[in-house]
There are 2 protein chains.
Amino acid sequence: MHSFTEENYLKTIYYLATRQQGEVTTNALAEMTATKAASVTDMLRKLADKQLIHYRKYQGVRLTSEGERLALKIIRRHRLWEVFLVDKLGFGWDEVHDMAEELEHIRSDELVERLDKFLEHPQFDPHGDPIPTTAGAMPQTGYRKLSEVAAGESVCVMGVLEHSPEFLQHLNRTGLTLGCSITLREINAFDKSLLVQIQPESTLFVSHDVARNLLVEGE
Amino acid sequence: MHSFTEENYLKTIYYLATRQQGEVTTNALAEMTATKAASVTDMLRKLADKQLIHYRKYQGVRLTSEGERLALKIIRRHRLWEVFLVDKLGFGWDEVHDMAEELEHIRSDELVERLDKFLEHPQFDPHGDPIPTTAGAMPQTGYRKLSEVAAGESVCVMGVLEHSPEFLQHLNRTGLTLGCSITLREINAFDKSLLVQIQPESTLFVSHDVARNLLVEGE
DNA sequence: TCTAAAATTTAGACTTGCCTAAATTTTTTG
DNA sequence: CAAAAAATTTAGGCAAGTCTAAATTTTAGA
């Protein structure tokens, strides 16, 4: 079996690999896991011994297919528990990350599959992230960032790239929650901020920082 | 905060203290936690430093009121998760112990209280054990062991003292599950085995070993 | 009650995962 | 393209929780 800590490294390597290209660096991992580079190096050697990552000294790291399988399993658990916490226990989407971070390490495949069934096989977590399948596939979505949408387009808010409580609470306050339909009225050339109309009639400014962390779906 | 391991020791000390009188011994703890006496001694010193137990070398151990408060909190979590696993996810009462053993360490009071509400404030877990209150009180039941019931009495099966999958599966097979009404027909003087009638008409023998692990309620 | 057995504690060591400081390799830049 | 900077790894150590073996204390039996 794999330790709590090993599972977190695998998940973090997966996460970083999807946002960068090439191999994941020691420093990036140290920052994400809030440890020091030397500690990361220790763990990388251990994961490489277990054939969960491809590791070449000084060159960075990449998951093996077994490592990716495990990472997706952890992510599946995390996202299913988040659905449980929000849909069944009534938590807000800004409150569930830390709890899911613990729940994702409960070791029982049967538990996960029963939870999935209990939740009626959700496809997305409360932040709009797709839930990997039992078979270990990550469903692809065609979402774009709001910051890449052209003026005049109407789109639907489908997810977020930033999961911090601060960001999510800001969205709560402005009404930019999942599923809401918006039309992009203007793009400010100076600071790239957006004038957005939320259906049916409220209008608000959205900073570029917010817009590039909001995922939206076509017209 | 307290470690996973510390929480397990507190829970185990509480458990042993309720079945024995006097102080809990090092050896008993070593056996229950599947470790060695020397390891237990180390942990007892640590728990004593944190004022969670009263500890006198060579004399055994007793929870402080703070230690007991924590132990009851862990037990409350454990039993609520067991209710969730059985009532909501459909697990059998013989399958849930190990999962609850992990879930009980998830650190969020808010989570526990929301779970309690979601489950509609259950009073007992799937084995008939009472669920401690948020305030930290262990509800008392007036249950007797089936082995202490007199011939001729009719009683209702309310709980078990032994939680091993083997024992619970044996009860499943014989039909002696929670809530079932039984009448004690005869007590065998030689081996203390019982002839029991399960309402309305099936009859079976129950060994003394089974009878002293079954909790029943009055007439 | 005195001694042997049982229970417990101490001593010293191991593993995991982390750290700091120093050494090494890679990358960047003048 | 060589020197400086940045990134990474190595070396040596620490804390938690465990272990075995040896020492100590308590208990039980003759």
Side-chain angles (χ1 to χ4, degrees), chain A residues 1-17 19-63 67 70-71 74 101-102 104-105 107, chain B residues 1-13 16-17 19-63 67 70-71 74 101-102 104-105 107:
Chain A
M1 209 43 54
H2 306 97
S3 76
F4 191 104
T5 310
E6 288 170 334
E7 291 187 348
N8 281 334
Y9 271 89
L10 291 176
K11 192 182 54 164
T12 306
I13 294 167
Y14 182 93
Y15 175 81
L16 290 173
R19 338 234 124 186
Q20 306 160 14
Q21 52 186 8
E23 315 223 304
V24 175
T25 67
T26 301
N27 266 4
L29 281 166
E31 185 179 352
M32 280 287 290
T33 58
T35 64
K36 297 306 166 77
S39 311
V40 172
T41 300
D42 285 347
M43 181 57 79
L44 294 185
R45 251 182 358 96
K46 188 173 165 189
L47 293 174
D49 286 348
K50 294 193 177 187
Q51 319 248 43
L52 298 173
I53 59 174
H54 295 291
Y55 173 51
R56 299 188 337 278
K57 286 206 302 192
Y58 296 102
Q59 303 305 308
V61 90
R62 189 161 53 77
L63 292 174
L70 282 173
I74 312 302
E101 206 71 8
E102 297 187 49
E104 73 191 9
H105 299 290
R107 288 165 213 299
Chain B
M1 209 42 54
H2 305 96
S3 74
F4 191 104
T5 311
E6 287 170 336
E7 291 187 349
N8 281 333
Y9 271 89
L10 291 175
K11 193 183 54 164
T12 306
I13 294 167
L16 289 173
R19 338 233 125 186
Q20 306 160 13
Q21 53 185 7
E23 315 222 304
V24 175
T25 67
T26 302
N27 267 4
L29 281 166
E31 185 178 352
M32 281 286 291
T33 57
T35 62
K36 297 306 165 76
S39 311
V40 172
T41 300
D42 285 345
M43 181 55 80
L44 295 184
R45 251 182 356 98
K46 188 172 164 189
L47 293 174
D49 287 348
K50 295 194 176 186
Q51 319 247 45
L52 298 173
I53 59 175
H54 295 292
Y55 173 51
R56 299 189 334 281
K57 285 207 302 193
Y58 297 101
Q59 304 304 309
V61 89
R62 189 161 53 78
L63 292 174
L70 282 173
I74 313 301
E101 205 72 6
E102 297 186 50
E104 73 190 8
H105 299 290
R107 288 165 214 297

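A note on names: the letters A, B, ... follow the listed sequences, proteins ahead of strands, and every chain is numbered from 1.
- Distances shown here put every side-chain N or O of B/K36 at or beyond 4.0 Å from the OP1 or OP2 atom of D/dT18.
- Nucleic acid contact for B/F4: none, since no nucleic acid atom lies under 4.0 Å from a heavy atom of the residue.
- Put simply, A/S39 has a side-chain N or O that comes within less than 4.0 Å of OP1 or OP2 on C/dC19.
- For A/A37, the side-chain atoms get nearest to D/dT9 when compared with the rest of D/dA21, D/dT10, D/dT9.
- Tested against A/L44 for a side chain to side chain contact (heavy atoms under 4.5 Å, CB included), the candidates A/V40, A/D42, A/T41 yield a single pass: A/V40.
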Trace of the side-chain contact (heavy atoms from CB on, under 4.5 Å) decision for B/L47 with B/Y55: CA-CA 9 Å; B/L47 293 174; B/Y55 173 51; over 6 Å; no
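- One interatomic measurement links the two molecules: NZ of A/K50 to C1' of C/dT16, which rounds to 10 Å at whole-angstrom precision.
- Residue A/T26 has a polar side-chain atom (N or O) positioned under 4.0 Å from OP1 or OP2 of D/dT9.
- The two residues A/A30 and A/A37 make their nearest non-hydrogen contact at CB-N, 3.7 Å.
- Taking only side-chain atoms of B/T5, from C-beta outward, the nucleotide of D/dT18, C/dC18, D/dA11 with the closest atom is D/dT18.
- Between B/L44 atom CG and D/dT18 atom C1' the separation is 14 Å, expressed in whole Å.
- In this structure, the nucleotide among C/dC18, D/dA11, D/dT8 sitting nearest to the side chain of A/T25 is D/dT8.
- Place A/E6 and B/V24 on DNA chain C by their nearest nucleotides, and B/V24 ends up nearer the 5' end.
- Atom CE of A/M43 is separated from atom C1' of C/dT16 by 8 Å (rounded to the nearest Å).
- Using a 4.5 Å heavy-atom threshold, the side chains of B/V61 and B/L29 count as touching.
- Nearer to the 5' terminus of DNA chain C, by closest-nucleotide assignment, is the contact made by B/G60 (compared with the other of A/Y58 and B/G60).
- Between the CG atom of A/D42 and the P atom of C/dC19 there is a distance of 10 Å, given to the nearest Å.
- In this structure, A/R56 places its CZ atom 15 Å from C1' of D/dT9, rounding to the nearest Å.
- Base contact: A/T41 has a heavy atom under 4.0 Å from a base atom.
- The phosphate of C/dT9 has OP1 or OP2 within less than 4.0 Å of a side-chain N or O from B/Y55.
- Inter-residue side-chain proximity for B/E101 and B/K11 is flagged as met; some heavy-atom pair is nearer than 4.5 Å.
- Considering only the side chain of B/A38, D/dC19 comes nearest among D/dC19, C/dC18, D/dT10.
- Residue contacts shown for B/N27 are limited to sugar-phosphate atoms, with no base heavy atom under 4.0 Å away.
- Contact check, A/Y9 against C/dC18: a side-chain N or O comes under 4.0 Å of OP1 or OP2.
- If you take CG of B/D49 and P of D/dA15, they are 14 Å apart, rounded to a whole angstrom.
- Distance A/L47 CG to C/dT16 P: 12 Å, rounded to the nearest Å.
- B/E7 is not listed as a side-chain neighbour of B/E104, based on a closest heavy-atom distance of 4.5 Å or more.
- With rounding to whole Å, A/E23 atom CD is found 11 Å from D/dT8 atom P.
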